[in-house]
Amino acid sequence: MPELPEVETVRRALEAHVRGRRVMRLEARPVQLRRPLDPERLATALTGARLQTPRRRGKHLLVDTSNGGTLLVHLGMTGRLILTDAARDEPRHTHLVLGLDDGRVLRYVDPRRFGLVHWLEPGEEALDPSLVRLGSEPLDPDLPALLPGLIRSRRAPIKSLLLDQHLIAGVGNIYANEALWRARIDPARAGHRIAPRRLARLATVLKEVLEEAIAAGGTTIRDFASLDTEAGLFAVKLRVYGRLDEPCPACATPIRRRMLAGRSTFFCPRCQR
DNA sequence: CCAGTATCCTGCAGGC
DNA sequence: TGCCTGCAGGATACTG
């Protein structure tokens with residue numbers, strides 16, 4: 001369940017620990033991810049390439065290389081990048097192995113295979129179907145001004161709209177729940193029935209919760225052996241997500257759960273209207 | 001275009 | 001102990 005903060009944490013870890021390294025060896029399996037992973041294409045493109053500063057777009061990682069192209073990575077539900085000091089026991093569901101010039105090994109592991117590893121030749125990034133229609137970045141300072149316009153004409157529940165990557169890129173189920181609690185908005189409320197001021201407020205608290213989570217992830221980044229994000233997620237204080245029947249932190253009313261957009265939705269029936 | 005649902009996949013928890 | 005069921009959910013194909 002890596003969402004924007006977890007992906008940003010991984011991005012920073014890559015920047016700190018992998019940037020500037022050259023890929024000496026590549027091993028890949030032709031596994032069916034969101035798109036088929038193409039070992040030939042990856043090996044041709046990446047072997048000998050130097051990895052540059054990684055970028056993030058929504059939940060996607062983009063690693064530019066010295067030879068011009070870009071490695072596109074999405075962690076899906078269960079994807080992880082694992083950096084180890086040497087060739088050590090390979091985790092199950094390892095789909096890609098990059099042997100680096102400092103002797104370390106970077107692995108992409110994804111049991112559920114909802115993720116994506118795809119090589120982009122120069123120029124392909126602008127056309128890639130996963131990237132081309134992505135919406136605004138939630139950390140964009142303009143989002144509070146932008147969000148009312150994006151939501152105003154929509155009749156779907158606000159929770160579903162927050163999860164729509166074509167409107168806002170990077171929000172997943174956990175932080176959608178948390179932001180709606182902070183903004184005191186009922187997740188089921190139709191987008192067009194929310195006042196513009198409340199939507200601007202939602203954008204602000206969304207940014208706050210994402211930044212807190214990034215900061216929490218950052219605290220776990222220091223001695224990175226693996227680029228794991230679990231610790232960061234635990235470090236953020238979740239107020240409603242996963243807290244069925246527990247007291248609302250604001251009013252002590254038991255937290256409820258319902259299904260929305262096919263996802264578990266946690267909310268306070270008293271605070272959120 | 002829009003909204004809602006099914007689908008992909010594995011691991012794990014809970015019931016019996 | 002083991003088998004079954006359902007849930008977890010990011011993105012997208014499909015339906016109405």
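None of these values were measured; they are calculated from a predicted model. Convention: sequence-line order gives letters A, B, ...; per-chain numbering from 1.
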So, are A:R35 and A:D128 salt-bridged, with charged N and O less than 4.0 Å apart? yes

Between A:S160 and B:dA3, is there a side-chain N or O to OP1/OP2 distance below 4.0 Å? no

Nucleotide N/O of nucleotides 10-14 of chain C paired with protein N/O under 3.5 Å:
unit_1: C:dG10; atom_1: OP2; unit_2: A:N173; atom_2: N; d: 3.0
unit_1: C:dG10; atom_1: O3'; unit_2: A:H74; atom_2: NE2; d: 3.3
unit_1: C:dG10; atom_1: N7; unit_2: A:R263; atom_2: NH2; d: 2.6
unit_1: C:dA11; atom_1: OP1; unit_2: A:H74; atom_2: NE2; d: 2.4
unit_1: C:dA11; atom_1: OP2; unit_2: A:K59; atom_2: NZ; d: 3.0
unit_1: C:dA11; atom_1: OP2; unit_2: A:Q165; atom_2: NE2; d: 3.4
unit_1: C:dA11; atom_1: N6; unit_2: A:R263; atom_2: NH2; d: 3.0

How many angstroms lie between atom CD of A:E6 and atom CG of A:L210, to the nearest 0.5 angstrom? 9.0 Å

Between the side chains of A:R56 and A:E137, is the shortest nitrogen-to-carboxylate-oxygen separation below 4.0 Å, so that they form an ion pair? yes

Whole-Å distance separating the CD atom of A:Q32 from the P atom of B:dC8: 12 Å

Using only side-chain N and O atoms of A:R154, determine if any of them is under 4.0 Å from OP1 or OP2 of B:dC1. no

Can you list every stem that DNA chain B is part of, counting only runs of 3 or more consecutive Watson-Crick or G-U wobble pairs with both distances under 3.5 Å? B:2-16 with C:2-16

Short N-O contact, A:R57 and A:E125, less than 4.0 angstrom: no

For A:R133, which contact category applies under a 4.0 Å heavy-atom criterion: base, sugar-phosphate, or nothing? nothing

Is the shortest side-chain N/O distance from A:R112 to OP1 or OP2 of C:dA8 below 4.0 Å? no

Reference residue A:Y241; test ring pair (Phe, Tyr, Trp, His ring centres under 6.0 Å); the match among A:F266, A:Y175, A:F267, A:W181: A:F266

Which part of the nucleic acid does A:S264 contact within heavy-atom distance under 4.0 Å: base, sugar-phosphate only, or nothing? sugar-phosphate

With nearest nucleotides of DNA chain B determined for A:A156 and A:H93 from heavy-atom distances, which residue corresponds to the more 5′ nucleotide? A:A156

Scanning both residues in full, the closest heavy-atom pair of A:V240 with A:N177 reads CG2-O, 3.7 Å

